[in-house]
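Shown next, in structure tokens, is the structure this report addresses.
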Amino acid sequence: MSKTLFEKIAARELPAQIVYEDDRVIAFRDIKPVAPVHVLIVPKKPIPRISEAAPQDEALLSHLLSKAAEVAGTLGLNNSGYRLVINNGPDGGETVPHLHCHIIGGRHMGWPPG
Ligand code: AMP
């Protein structure tokens with residue numbers, strides 16, 4: 001199986017501005033930011049999308065979310081707030097088939113999303 005885009009970033013085969021990494025997740029700046037702060041946090045395991053996560057991925061998903069909040073804090077977003085987004089499938093706007101959570105902040109965001 002060929003590596004996903006985000007596996008290549010984790011393997012340092014593609015450049016990225018990495019802001020956090022541990023044995024299970026990696027976080028790096030989005031190449032096309034939609035806000036002053038836009039980081040993706042990604043499980044190193046290449047789960048294609050949240051709808052394909054398995055019961056045994058539960059601890060990894062928990063780790064992903066708690067690290068997303070920790071990274072948002074280290075990026076200075078705790079007081080102003082931020083949004084965590086997971087796009088799933090065509091209607092969700094998913095473009096990279098390797099599960100990732102967007103951490104977006106530094107400006108006010110509207111609701112509902114477009
Ligand atoms: P999604 O549309 O939820 O699948 O999000 C995919 C995100 O990956 C988009 O926001 C892209 O801008 C971002 N992206 C694509 N290629 C790269 C890359 N090489 N480095 C960083 N972010 C990327």
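When a ligand or atom number is given, it counts from 1 through the structure's own listing order.
- Protein heavy atom at the shortest distance from atom 8 (O) of ligand 1 is L40 CD1, 3.5 Å.
- At least one N/O-N/O distance between I31 and ligand 1 falls below 3.5 Å.
- Environment of CG in D91: sparse, with no more than 12 heavy atoms of neighbouring residues, nucleotides or ligands closer than 6.0 Å.
- The distance from ligand 1 to the heavy atoms of R29 drops below 4.0 Å at these ligand atoms: 21 (C).
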Applying side-chain contact (heavy atoms from CB on, under 4.5 Å) to L99 and R49, what does each step give before you reach the verdict?
CA-CA 4 Å; L99 176 62; R49 56 193 59 81; 5.5 Å; no
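- Using a 4.0 Å heavy-atom cutoff, L14 is absent from the residues neighbouring ligand 1.
- For an aromatic pair to be called close, the ring centres must be under 6.0 Å apart, and H102 with H100 satisfies this.
- Using modelled atom types, no side-chain atom of K3 and backbone atom of I9 make a donor-acceptor pair closer than 3.5 Å.
- At least one N or O atom of G93 sits closer than 3.5 Å to an N or O atom of ligand 1.
- For Q17, the CD atom counts as loosely surrounded, since its 6.0 Å shell holds 12 or fewer non-hydrogen atoms of other residues, nucleotides or ligands.
- Counting the atoms of ligand 1 from 1 in the order shown, those under 4.0 Å from a heavy atom of K32 are 12 (O).
- Heavy atoms of A16 come nearer than 4.0 angstrom to ligand 1 in no pair at all.
- The nearest protein atom to atom 4 (O) of ligand 1, hydrogens excluded, is given as T95 N, 2.7 Å; this is a heavy-atom distance.
- The distance from ligand 1 to the heavy atoms of N87 drops below 4.0 Å at these ligand atoms: 1 (P), 2 (O), 3 (O).
- Taking every non-hydrogen atom of F6 and a distance limit under 4.0 Å, the qualifying atoms of ligand 1 come out as 8 (O).
- Heavy atoms from other residues, nucleotides or ligands lying under 6.0 Å from CD of E13 number more than 12.
- The protein heavy atom nearest to atom 1 (P) of ligand 1 is H100 NE2, 3.1 Å.
- Taking the side chain as every heavy atom from C-beta outward, L60 and I47 approach each other to under 4.5 Å.
- Nearest heavy atoms, C101 versus L84: SG-CB, 3.9 Å.
- Comparing heavy-atom distances from atom 7 (C) of ligand 1 across D30, I9, L5 singles out D30 as nearest.
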